[in-house]
Amino acid sequence: MLPDVAGIDRPFDYVVPSELDDRVGVGTRVRISLHGRRVGGWVVADRVTPPEGVALRPIARVSGLGPGPDVVELAGWAAWRWAGRTGAFLATASPPRAVHDLPARGRRAGGGPVSGNRGDLEEGVVAEALAQARTVVRLPPASDPFPLVEAAIAGSADGAAALVIVPSQEWAARTADRLRRRGRPVALLPDAWADAAAGGCVVVGTRSAAWAPAPDLSAVVVLDAHDEAHGEERAPTWNAWVAAAERAERRGAPCLLVSPCPVLEALAWGRLVTVSRRAERQGWAPLEVVDRRKEDPRSGLFSERLVAVARGAGTGAADRVVCVLNRTGRGRLLACGACGELARCERCEGPLAQTDSPGRPPGPAVATDVLRCRRCGEERPDVCAACGARRWRVLRPGVARVREELEALAGKPVGEVSSQTAEGTDAPLVVGTEAVLHRVRAVGTVVFLDFDQELLAPRYRAAEQALALLARASRVVGGRTGRGRILVQTRLPGNEVIDAALHADPGRLAAADAERRSALGFPPATALALVSGPSAGAYVAGLEAHPVEVLGAGDGRWLVRAPDHRVLCDALAAVPRSPGRLRVEVDPPRA
DNA sequence: CGGACAAGCTGA
DNA sequence: CAGCTTGTCCGG
């Protein structure tokens with residue numbers, strides 16, 4: 001039994017009382033006495049030979065069904081692959097509420113096998129996509145992947161299960177609904193865990209569905225496989241498509257990753273299938289590049305072109321305008337309006353930012369209540385430390401400030417959306433962080449106010465993440481057929497990301513990006529892990545004896561680099577963890 | 001993780 | 001040396 005206790009990653013042996021024998025198997029959730037207390041756990045092996053000289057205790061009780069043996073094995077692999085506890089994965093794979101009996105197996109709701117309707121997908125693409133075990137289908141952002149999902153699961157025999165993983169709960173619900181209307185029995189995770197375990201249905205859900213029960217798994221489909229929502233942010237930092245692909249592989253089932261802009265790791269994993277150039281162009285929105293190199297830097301985030309677009313917002317039928325700026329708050333970098341000194345933290349010297357108080361009236365950049373350091377949290381009265389003036393020039397504005405300025409420039413109310421707040425999302429003009437692209441409908445124009453921030457972000461994945469933003473925006477405006485458009489304000493108009501979106505050809509970026517990452521030693525040419533926490537130092541010292549490269553930035557965090565995951569994960573698993581908090585992020589999302 | 005127990009510190 | 005804190009070990 002593996003206890004469900006943080007800090008214990010080791011199985012213990014117990015006796016299964018004969019009256020429980022028929023209810024206990026690999027994966028079963030049980031309660032056990034451990035060290036004088038009752039804890040939950042999973043059966044991870046059955047009929048083992050216990051070590052000699054240990055008095056075995058019996059299982060206290062069976063607390064319900066758990067993942068099947070295939071998923072228990074996969075959890076063991078994942079614990080190695082992402083340097084985490086097996087129990088963390090088994091917890092994700094277990095039902096949210098105890099399940100004691102399974103419902104009847106999924107049955108077709110009538111309607112028979114699905115045929116025909118493949119939407120705007122070309123017949124050849126579907127055939128090609130289904131011909132191999134590991135396939136990446138590059139489907140443009142505004143094209144509906146549902147026909148591909150149907151085609152992929154159509155091959156599953158009655159009684160076999162297929163797995164469909166999507167990045168959001170809303171998309172999962174919509175997909176489940178469409179499948180049901182086409183006569184398919186569906187289990188929508190996480191609630192329908194028991195239906196999934198009963199088998200014979202399509203299992204649909206977000207990333208945790210990669211761990212759902214799926215007896216006789218026959219196919220796996222991952223939609224928007226590039227989406228960061230497929231990756232768990234907390235350690236272990238597992239990724240749903242990677243886990244699902246491994247699961248399919250172990251089972252001998254085909255796995256299909258669908259994405260408008262596949263990540264390099266996916267391209268290295270499987271064979272790429274693309275639609276025709278014509279079809280791909282239809283699915284990406286026209287892109288207008290606003291070249292800001294020759295503009296007066298004092299015009300800030302607002303080019304003449306943007307001001308014209310903002311003033312015209314809402315005049316046409318679908319001409320809502322959404323402006324994207326990935327900076328929350330009011331001002332992230334301030335210079336004194338009187339003496340020009342930067343507002344910096346007295347404790348850590350980081351930049352002081354204005355706090356975002358939503359109710360405040362629009363107007364010039366006057367004093368708020370306090371300035372806060374985003375690095376160390378220190379707060380200070382809102383006056384210049386050098387001269388005592390209370391007026392700031394905002395060198396790096398956030399969305400709250402941009403909303404005020406846009407209202408003044410466009411002469412109309414402006415909505416504001418971030419992951420925390422949403423006000424006036426129905427307004428003809430809305431500004432927000434990238435969250436806005438998930439929260440608004442019926443948009444004619446998406447403007448990226450500071451795209452260089454995305455292009456120049458200090459992350460090795462910055463380029464493909466920037467392209468993913470343009471793909472998202474293309475979808476929001478409905479591609480070329482949706483008569484929408486994307487405006488990109490940039491001082492890097494020839495950048496490969498912009499070039500790829502302009503030509504509706506993500507392959508242009510992938511080729512250049514792969515070469516660059518290979519030269520710099522970034523994935524997928526290598527495998528990385530980020531190690532942090534109070535006991536990280538001792539841990540990375542232990543890694544020295546292994547064939548990995550350890551790079552310290554002197555900030556208590558270390559980057560571990562290896563030629564591949566096999567070497568990396570073997571090393572991470574071999575080094576004992578000293579007591580104390582340690583965070584190991586394999587494939588670090590923010591490196 | 002959290003209980004058990006040992007070693008270390010304090011004040012009388 | 002009792003009474004308490006802090007640290008280390010280990011679980012079937």
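- Ion pairing of A:Arg475 with A:Asp224 is present here, as a side-chain N (NZ or NE/NH1/NH2) and a carboxylate O approach within less than 4.0 Å.
- A donor and an acceptor atom, one from each side chain of A:Asp570 and A:Trp80, are located under 3.5 Å apart.
- Cation-pi check for A:Arg178 over A:Phe146 is met; the charged atom lies under 6.0 angstrom from the ring centroid and within 45 degrees of its normal.
- We find the SG-CH2 distance between A:Cys255 and A:Trp241 to be 8.5 Å, quoted to the nearest 0.5 Å.
- Atom C1' of nucleotide B:dG2 and atom CD1 of A:Ile32 are separated by 15 Å, given to the nearest angstrom.
- Between the CG atom of A:Asp4 and the C1' atom of B:dC1 there is a distance of 11 Å, given to the nearest Å.
- Ion pair A:Arg250/A:Asp70 not flagged as a salt bridge, since none of the NZ, NE, NH1 or NH2 atoms sits closer than 4.0 Å to an Asp/Glu carboxylate oxygen.
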Nucleotide N/O to protein N/O under 3.5 Å, stretch nucleotides 9-12 of chain C:
from   : atom 1 : to      : atom 2 : distance (Å)
C:dG11 : O4'    : A:His35 : ND1    : 2.8
C:dG11 : N2     : A:Arg37 : NH2    : 3.1
C:dG12 : OP1    : A:His35 : N      : 3.3
C:dG12 : O3'    : A:Asp13 : O      : 2.9
C:dG12 : O3'    : A:Arg57 : N      : 3.1
C:dG12 : N2     : A:Asp13 : OD2    : 2.1
C:dG12 : N3     : A:Asp13 : N      : 3.2

